[in-house]
Amino acid sequence: MPYYITTPIYYVNDKPHIGHAYTTIVADVIARWQRLKNEEVFFLTGTDEHGEKIEKAAFAAGTTPAVFVDSIVGKYTELWKILDISNDDFIRTTEERHIAVVKSFVKQLIKGGDIYKGEYEGWYCTPDETFFTKLQLVDGKCPECGRPVKRLKEESYFFRLSKYQGALLRFYENNAGFLAPEFRAREITNRVRNGLNDISITRKNVGWGIPFPGDESHTIYVWVDALLNYISALGWPDGIFARFWPANVHMVGKEINWFHSVIWPAMLFSAGIEPPKKVFAHGWWTVEGKKMSKSVGNAIDPKVIAERYGRDSLRYFMIREMPLGDDGDFSEKALAARINGELVDDLGNLVYRALTLAERFGGSISGTAELEKSLDLEGIMKCIEGLDLSGALEKVWSFIRASNRYINEKEAWKLSGEDFGNALYNLVEALRVISILIKPFMPGTSESIRKQLGIQAEGLDACRFKEFKGRIVKGPYLFEKVKA
Ligand code: ME8
């Protein structure tokens with residue numbers, strides 16, 4: 001079955017921070033896992049380039065939006081290379097292929113009678129590109145980010161979101177996995193039950209956007225434009241749309257869940273398109289206990305961290321430290337603790353010890369599978385399919401620790417002959433399986449273990465102990481101890 005996974009498309013008003021890196025790493029791990037299962041995967045990420053926020057950032061930088069967005073987008077594509085992200089496509093909302101789809105989709109909504117002209121009166125948070133009613137404000141400020149909002153009163157075109165209340169509630173009920181994680185389902189369902197207002201979908205005074213078909217004095221609201229990336233990248237209604245839609249999962253941060261779980265499926269209903277199978281709203285990273293923000297100046301640059309500690313270490317840390325769906329805290333101290341413990345002492349040490357012993361042995365590495373019983377393969381698979389990525393790593397690590405214990409308990413360094421061959425067989429087979437299981441999380445480390453074992457790359461179906469056919473060439477330590 002083809003598998004389609006997406007990240008949000010990120011605003012190009014500023015360079016990426018670890019929050020952006022996190023969602024993209026999560027989606028990359030899932031995409032790579034599906035490929036290991038031999039599924040056909042389409043993994044999409046990209047950038048959200050229109051709207052008032054970008055327009056303002058460009059003018060503040062003394063340039064035009066078109067020049068400005070081109071100058072930022074490269075920071076994203078560069079970061080995805082640094083972090084070994086395996087996306088199959090990268091969509092920019094300023095691309096012609098996207099603009100054409102947005103226009104024809106909106107035309108379809110107009111034809112269907114779901115758009116009408118009116119006047120918007122209310123409040124707007126430009127950094128979040130979100131409309132709020134007075135009642136929603138907290139102390140007169142944006143309820144999402146706490147920043148000042150501005151009053152808007154302008155002619156606007158509206159989408160009949162209210163019409164889809166019943167259809168949405170029925171859809172949630174019949175598709176239990178759509179709203180994820182489970183604890184967020186109630187939040188969304190309750191809000192939808194309380195009633196939906198029609199939403200403004202054009203802006204009269206924002207020039208940097210896609211002209212609204214039929215009245216070019218308006219541009220399309222940036223969120224309507226942005227959500228459509230998920231189908232424009234597939235070439236809707238043609239291209240590879242039929243092959244990959246509906247998406248298996250839109251991975252997003254919790255603050256944009258409403259747009260993805262309510263507005264997006266309603267837009268799709270209106271156009272007669274099936275909604276995605278799942279919207280997963282993950283939690284937020286704080287930095288040393290504080291919310292990351294430009295004004296505090298505590299945003300962490302993932303490029304700097306990857307260069308200092310290694311990309312696989314960063315990938316491992318982010319997935320292991322913050323269970324998907326929960327909030328978590330980023331600190332170099334916590335990162336160093338995991339590197340020194342789980343990567344150096346557990347994994348790095350196991351590879352080095354096992355291969356040092358194997359190098360010493362001249363005979364045939366064969367025997368009976370003893371260590372395999374410490375591997376909870378089914379549990380690992382279940383975790384990943386249920387998107388408990390941290391739980392999956394925990395289980396892989398308990399196998400790594402069991403393998404280290406095996407060396408000690410057997411006193412493998414004292415063995416000789418067949419007994420030594422048998423212990424080594426168990427260790428190298430354990431390493432082979434570990435190298436497959438960690439591949440989605442730490443592709444470079446997996447490759448390095450595979451090369452040291454002298455074996456071919458294999459898929460998930462090779463995670464059972466079998467005959468060992470490698471030619472061992474031990475390399476240097478995989479990881480080094482670090483100081484935070
Ligand atoms: O919202 N912790 O773009 P954006 C974890 N363009 N994840 C975080 C995070 C944090 N502290 N901060 C950001 C937009 N993220 C829109 C999306 S999609 C059709 C349009 C991640 O640049 C998380 O995935 O503000 C969040 O949803 C996203 O970055 C917001 O990125």
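We count ligands from 1, going down the list as the structure has it; atoms in each ligand are counted the same way. Quantities reported herein were computed from a predicted structural model and do not represent experimental measurements.
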Do Lys303 and Glu78 meet the salt-bridge criterion of a basic N to acidic O distance under 4.0 Å?
yes
May I ask you to check if ligand 1 and Gly253 share an N or O to N or O distance below 3.5 Å? yes
Quiz item: Quick one: does Trp223 get within less than 4.0 Å of ligand 1, heavy atoms only?
Solution: yes
Give yes if a backbone or side-chain nitrogen or oxygen of Tyr76 is under 3.5 Å from a nitrogen or oxygen of ligand 1, and no if not. no
Note: Met251, heavy atoms under 4.0 Å from ligand 1, region reported as neither
NZ/NE/NH1/NH2 to OD/OE distance under 4.0 Å, Glu187 and Lys254: no
For this session: Look at Glu49 together with Arg92 and state whether they make a salt bridge at an N to O cut-off of under 4.0 Å.
Result: yes
heavy-atom search around atom 13 (C) of ligand 1 in the protein gives His17 CE1, 3.7 Å
So, regarding Ile9 and ligand 1 (criterion: nitrogen or oxygen to nitrogen or oxygen, under 3.5 Å), is there a contact or not? yes
Let me check something: any side-chain donor-acceptor pairs from residues 20-28 under 3.5 Å, sequence neighbours excluded? List them with distances.
| residue | atom | partner | partner atom | Å |
| --- | --- | --- | --- | --- |
| His20 | ND1 | His17 | N | 3.0 |
| Tyr22 | OH | Met322 | O | 3.4 |
| Thr23 | OG1 | Gly19 | O | 3.4 |
| Thr23 | OG1 | His282 | NE2 | 2.8 |
| Thr24 | OG1 | Tyr10 | OH | 2.8 |
| Thr24 | OG1 | His20 | O | 2.9 |
| Asp28 | OD1 | Ser86 | N | 2.7 |
| Asp28 | OD1 | Ser86 | OG | 2.6 |
| Asp28 | OD2 | Arg32 | NE | 2.9 |
| Asp28 | OD2 | Arg315 | NH1 | 2.9 |
| Asp28 | OD2 | Arg315 | NH2 | 2.7 |

When you check the gap from the basic side-chain N to the acidic O, do Arg308 and Glu332 get nearer than 4.0 Å? yes
Note: ligand 1 atoms sitting under 4.0 Å from heavy atoms of Thr23 are 21 (C), 23 (C), 24 (O)
- Task: Examine ligand 1 and decide if any of its atoms is less than 4.0 Å from a heavy atom belonging to Trp264.
- Result: no
| query | Is the closest basic N to carboxylate O distance between Lys395 and Asp388 below 4.0 Å? | reply | no
When distances are taken from atom 11 (N) of ligand 1, the protein heavy atom at minimum range is Trp285 O, 3.1 Å
Are the charged groups of Glu155 and Arg203 less than 4.0 angstrom apart, N to O? no
Near Ala226 (heavy-atom distance under 4.0 Å), the atoms of ligand 1 are 19 (C)
Residue, atom and distance of the protein heavy atom nearest atom 9 (C) of ligand 1 read Gly19 CA, 3.5 Å
Numbered in order shown, the ligand 1 atoms found under 4.0 Å of a heavy atom of Glu255 are 26 (C), 27 (O), 28 (C), 30 (C)
In this structure, does ligand 1 have an atom that sits under 4.0 Å from one of the heavy atoms of Lys291? no
Tell me whether the rings of Phe42 and Tyr4 are parallel (<30°), tilted (30 to 60°) or perpendicular (>60°). tilted
Among Asn229, Thr7, Asp48, closest by heavy atom to atom 6 (N) of ligand 1 is Asp48
### side chain to side chain contact (heavy atoms under 4.5 Å, CB included) between Ile9 and Ile91, intermediate numbers included
CA-CA 8 Å; Ile9 48 170; Ile91 183 104; 3.9 Å; yes
query = What orientation do Trp245 and His250 show, parallel under 30°, tilted 30 to 60°, or perpendicular over 60°?
reply = tilted
Asp88 bridged to Arg35 by N-O distance under 4.0 Å: yes
Residue, atom and distance of the protein heavy atom nearest atom 29 (O) of ligand 1 read His20 CD2, 3.4 Å
shortest atom 19 (C) of ligand 1-to-protein heavy-atom contact is with Tyr230 OH, 3.5 Å
Near Gly283 (heavy-atom distance under 4.0 Å), the atoms of ligand 1 are 5 (C)
for atom 4 (P) of ligand 1, nearest protein heavy atom and its distance come out as Tyr11 CD1, 3.7 Å
In ligand 1, the atoms that come under 4.0 Å of a heavy atom of Met292 are 11 (N)
Can you tell me if His282 has a non-hydrogen atom under 4.0 Å from ligand 1? yes
| said: Is there a side chain to side chain contact (heavy atoms under 4.5 Å, CB included) between Asp114 and Lys163? Walk through the geometry before answering. | reply: CA-CA 9 Å; Asp114 276 347; Lys163 180 175 151 187; 2.6 Å; yes
